[in-house]
Amino acid sequence: MKTLVGALCAVLLTLVPFVAAVAAPLKLVIHEESGAEGEPLPPISRYAALRRALETALTRPVEITLTRDRQRVYEWMERNQADVFMTNAADLAARALTSLGYNFIATARPDVTVLFIGKGAPVDNLKALSGFAISMPKPETMFGQVCTAELRDFIAKQYTARASSEYAAVVYAVENNLSPVGCIPSHSRARDTLQAKGIKVVYEGRPQPALPVIASLGLPAADRAAIAKVLTNFEEGAAGDSALKSLGVTGFTEGGETRLRMLNSWLKGTK
């Protein structure tokens, strides 16, 4: 009997790590700061391929939370309420790295830029837009800040900013001559409508990190490495095609941490 009890105890002890892992899923937040307020969030099932790949690599469940709420995401970062964050608001990821001690995992490809759009000819630099009224995303958003920083580097505040809550509204303002120039991110769906509306890209800004992936302080280094391996091994058109399409990117790289950390200083003073 003692031998049987001892054997059962040994089996139970071997199951403890497994039970603990099942009881502690990885919490992943996917934040999309889009220019389409009020648009419903996609179903969680859209990210099924991403979840399966991560669960296989980590051997534990993955819980995904979707949000477009910028303030909520940073509050979660401050309170350490998730293990991993994916956000196209790279400024939030940069602040988490530099101010909260978060760890870098990866960034997506391709980079994203801001596009200054209008009906005129391309310009060599933004000095040509001095004195113009320029439609752009709201100033507190990632791309509102980037549009402002690009302009600041050439013409300081010698322009009139017209904030819009949607990228499509920026295009509408230019199309209908409400603003001679607009500024939208290069990954915006509104970009696809430019040619049909006779609108051109008159100037393209500097590349910025796309969809940074960062980890909270408590996530073990082994888990960070496993997640980075999963993401960087995705290939468009192959097994990772579904996962990449769900995120709107073509791939991931473990490079880009330095650029992401430098983003804070470049955006400083735009708010």
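Keep in mind that this is a model prediction, so the values were computed, not measured.
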### Task
Could you note down all residue pairs passing salt bridge (charged side-chain N to carboxylate O under 4.0 Å, His left out) where residues 256-267 supplies at least one of them, sequence neighbours left out?
D111-R259, E257-R261
### Task
Keeping to residues at least two apart or across chains, list the salt bridge (charged side-chain N to carboxylate O under 4.0 Å, His left out) pairs with something in residues 206-218.
E150-R206, D153-R206
If you look at every heavy atom in [X] and [Y], which pair is closest and at what distance?
X: P207; Y: T113; value: CA-CG2, 3.7 Å
X: Q145; Y: P139; value: CG-O, 3.3 Å
X: P209; Y: T107; value: CB-CG2, 4.2 Å
X: A106; Y: F252; value: CB-CD2, 4.3 Å
X: Y74; Y: A96; value: CE1-N, 4.3 Å
X: V170; Y: S164; value: CG2-CB, 3.8 Å

Is there a side-chain contact between [X] and [Y] (heavy atoms, below 4.5 Å)?
X: R60; Y: P25; value: no
X: D83; Y: L28; value: no
X: R95; Y: N264; value: yes
X: T148; Y: Y159; value: yes
X: I30; Y: T65; value: no

Spacing of [atom1] belonging to [X] relative to [atom2] belonging to [Y], to within rounding of 0.5 Å:
X: R224; Y: L219; atom1: CZ; atom2: CG; result: 6.5 Å
X: E75; Y: E78; atom1: CD; atom2: CD; result: 7.0 Å
X: I214; Y: F104; atom1: CD1; atom2: CZ; result: 10.0 Å
X: L231; Y: T253; atom1: CG; atom2: OG1; result: 11.0 Å
X: H31; Y: L211; atom1: NE2; atom2: CG; result: 11.0 Å
X: L54; Y: T59; atom1: CG; atom2: OG1; result: 12.0 Å

### Sole candidate of Q71, M77, R70 that passes side chain to side chain contact (heavy atoms under 4.5 Å, CB included) when paired with V73
M77
### Message
Is there a path of hydrophobic side-chain contacts, each under 4.5 Å between heavy atoms, that joins L217 and L92?
### Response
yes
### Message
Assigning hydrophobic clusters by single linkage (Ile, Leu, Val, Met, Phe, Trp, Tyr; side-chain heavy-atom cutoff under 4.5 Å), is M142 placed with M262?
### Response
no
Can any side-chain N or O of [X] pair as donor or acceptor with the backbone N or O of [Y] at less than 3.5 Å?
X: N88; Y: E33; value: yes
X: E55; Y: V62; value: yes
X: S179; Y: V181; value: no
X: T141; Y: G144; value: yes
X: T232; Y: A228; value: yes
X: T98; Y: A94; value: yes
X: R68; Y: S34; value: no

Lys/Arg-Asp/Glu bridge criterion (N-O < 4.0 Å) met for [X], [Y]:
X: K268; Y: D91; answer: no
X: D241; Y: K245; answer: yes
X: E63; Y: K27; answer: no

### Query
With ILVMFWY side chains joined below 4.5 Å, transitively, what does Y172's cluster contain besides itself?
L178
### Pairwise side-chain hydrogen bond (donor to acceptor under 3.5 Å, both in side chains) hits with a residue in residues 192-203, at least two apart
none
### Task
Could you walk me through whether Y47 and R52 pass the side-chain contact (heavy atoms from CB on, under 4.5 Å) test, one step at a time?
CA-CA 9 Å; Y47 304 96; R52 284 195 300 269; over 6 Å; no
Could you give the side-chain donor-acceptor pairs of residues 114-130 under 3.5 Å, partners two or more places apart or in another chain?
{"unit_1": "K119", "atom_1": "NZ", "unit_2": "E175", "atom_2": "O", "d": "2.8"}
{"unit_1": "K119", "atom_1": "NZ", "unit_2": "N177", "atom_2": "OD1", "d": "3.3"}
{"unit_1": "N125", "atom_1": "OD1", "unit_2": "K127", "atom_2": "N", "d": "2.9"}
{"unit_1": "S130", "atom_1": "OG", "unit_2": "Q158", "atom_2": "OE1", "d": "3.1"}

### Message
Would L66 and I44 count as a side-chain contact (heavy atoms from CB on, under 4.5 Å) here? Give the steps.
### Response
CA-CA 8 Å; L66 305 179; I44 292 291; 3.6 Å; yes
### Query
L151 and M136: side-chain contact (heavy atoms from CB on, under 4.5 Å), yes or no, with the steps?
CA-CA 11 Å; L151 288 161; M136 63 180 70; 3.6 Å; yes
#### Entry: Sub-6.0 Å ring centroid separation between F143 and H187
yes
#### Entry: Modelled atom types, side-chain donor and acceptor of R109 and T250, under 3.5 Å
no
### Of all pairs that satisfy disulfide bond (SG atoms under 2.5 Å apart), the ones with a partner from residues 99-175, not counting sequence neighbours
C147-C183
